[in-house]
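Inspection log for the structure reproduced underneath, given as structure tokens.
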Amino acid sequence: MTWAARKLLLRCFRNWELLDLELAEGLTVLLGPNATGKTNVVEALQLMTAGRSFRNPAPETLVKHGSDEALVVLSVNQDDVAAEIKLRVSGGRRRVYEINGTPVRSASDVQGRLSSVVFTPDDLNMIKRASDVRRAGVDEVGEQVSKAYSATKKEYGRLLRQRNVLLKTDGDADLIDVATEQLVRSGARLTASRARLAERIAHLAVGLYAEISGGENLEIRFVPSWERAGLDEEVDPSSEESTSCALVESLALVATEERARGTSLVGPHRDDLAFTIEGRDARDFASQGQQRSIALAWKLAEVEVMEEITHQRPLLLLDDVMSELDEGRRNRLAATVQGGIQTVMTTTNLEYFDESIIRKASIVDLGNVPS
Ligand SMILES: Nc1ncnc2c1ncn2[C@@H]1O[C@H](COP(=O)(O)OP(=O)(O)O)[C@@H](O)[C@H]1O
Ligand SMILES: [Mg+2]
């Protein structure tokens with residue numbers, strides 16, 4: 001099955017009163033000075049494909065100031081059959097999706113159709129940023145390729161919030177025990193799925209990094225929450241069974257502290273990834289260029305893993321990243337784009353692009369679109 005995005009319509013979405021955008025089969029370049037609304041377009045495309053956006057917007061922020069309702073329509077082709085995904089957001093209300101005119105229950109129903117990989121300047125700092133960024137990098141793939149992954153993630157989030165309320169309000173010990181049991185069951189499933197997926201992405205990223213860096217040795221390790229909580233045992237995080245035991249043991253270790261601090265200290269919400277180059281922690285020792293190479297390798301690996309699992313290429317959304325990369329890395333990214341993956345890329349300046357790319361691209365000057 002092959003999906004392709006054909007057309008994006010925005011009405012009263014963010015700064016756009018009206019935008020009617022044709023998307024090329026290959027590369028579409030969105031050109032415009034700062035604050036034209038380029039990132040807003042990328043956000044809309046991600047909402048229509050991944051069912052979420054890297055900005056994690058509150059629904060009302062999507063609606064154009066002074067308007068009542070935002071509307072986004074993405075026209076796609078599924079093996080040459082036209083389909084339409086629609087998103088409506090009314091002031092203060094939830095996001096409501098429709099697929100071919102039929103309302104769907106939640107954003108997760110949008111996932112698993114045309115999927116996407118987004119690459120923003122923030123991702124370039126993934127090594128140095130807080131661990132939630134690295135977890136999100138894995139989960140965005142997982143949620144799009146597997147309904148089960150997405151359901152477990154959602155369930156875990158709910159159970160974690162419930163348990164934290166009990167801890168914070170000094171709740172009944174029996175109730176906390178029940179909440180702990182539920183958290184462990186769901187958390188073991190999430191950590192194990194996440195660790196397996198992370199290993200798969202990491203394996204490819206290591207190879208891509210060697211290629212980009214000219215042979216440097218990158219290692220990527222999944223760091224489960226119990227390790228961070230001080231459980232001194234070798235546990236394979238990709239096994240649900242051993243993960244479950246490790247969570248139980250480490251929760252016992254931190255029980256008093258959890259009560260004191262009123263929050264859950266072990267579980268998938270504290271998993272992380274660690275990167276080392278030639279045996280040295282990339283967080284402390286990698287140059288900015290090396291960090292950017294890791295981020296690029298990781299993103300390209302995400303694309304490949306997604307393609308392996310879904311047997312179709314995701315839509316690649318590149319927000320302002322070309323200007324942040326040096327020539328070598330830019331060329332590596334350009335090679336992927338030219339390898340025939342549908343791509344939407346934003347930039348303030350076409351000078352960052354090789355002429356061979358520009359020649360084949362559809363260039364849309366967003367600074368000159370009537371809106
Ligand atoms: N809900 C909204 N209503 C009106 N304008 C908005 C809304 N949300 C964001 N904006 C505006 O959209 C503008 C363009 O944002 P952005 O897409 O980030 O620009 P670019 O990526 O082209 O630099 C910003 O000036 C921002 O203030
Ligand atoms: Mg921007």
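Ligands are counted one by one from 1 in listed order, and the atoms in each one are counted from 1 as well.
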At under 4.0 Å between heavy atoms, what of Thr61 touches ligand 1? The answer is backbone

Per atom 24 (C) of ligand 1, closest listed option by heavy atom (Cys12, Ala35, Ser67, Pro33): Ala35

Nearest protein heavy-atom contact for atom 9 (C) of ligand 1: which residue, which atom, what distance? Arg14 CD, 3.7 Å

Contact check: Glu60 vs ligand 1, nitrogen or oxygen atoms, below 3.5 angstrom: no

Is the distance from the Mg ion (ligand 2) to some N, O or S atom of Thr39 under 2.8 Å? yes

Report whether Val117 and Trp3 are members of the same hydrophobic cluster (ILVMFWY, side-chain heavy atoms less than 4.5 Å apart, transitive linking). no

Using a distance threshold of 4.0 Å (strictly less than), state whether atom 17 (O) of ligand 1 has a protein heavy-atom neighbour. yes

Nearest protein heavy-atom contact for atom 11 (C) of ligand 1: which residue, which atom, what distance? Asn15 CB, 3.8 Å

Does Arg55 approach ligand 1 within less than 4.0 angstrom via side chain, backbone, both or neither, non-hydrogen atoms only? side chain

So for Val63 against ligand 1, with non-hydrogen atoms under 4.0 Å, the contacting part is backbone

Quick one: does Lys38's side chain get under 4.5 Å of Thr348's, heavy atoms only? yes

In terms of residue, atom name and distance, what is the protein heavy atom nearest to atom 3 (N) of ligand 1? His65 N, 3.0 Å

Lys64 neighbourhood, listing ligand 1 atoms whose heavy-atom distance to it stays under 4.0 Å: 1 (N), 3 (N)

The test is salt bridge (Lys or Arg N to Asp or Glu O under 4.0 Å); show your working for Asp271 and Arg134 and say whether it passes. CA-CA 9 Å; Asp271 289 339; Arg134 291 179 289 280; over 6 Å; no

Could you check whether atom 26 (C) of ligand 1 has a protein contact, counting only heavy atoms that fall below 4.0 angstrom? no

Looking only at protein heavy atoms, which one is nearest to atom 15 (O) of ligand 1, and what is the separation? Asn40 ND2, 3.3 Å

Against ligand 1, does Gly32 come closer than 4.0 Å with any heavy atom? no

Which of the atoms in ligand 1, numbered in the order shown and given with their element, are less than 4.0 Å from a heavy-atom of Asn34? 23 (O)

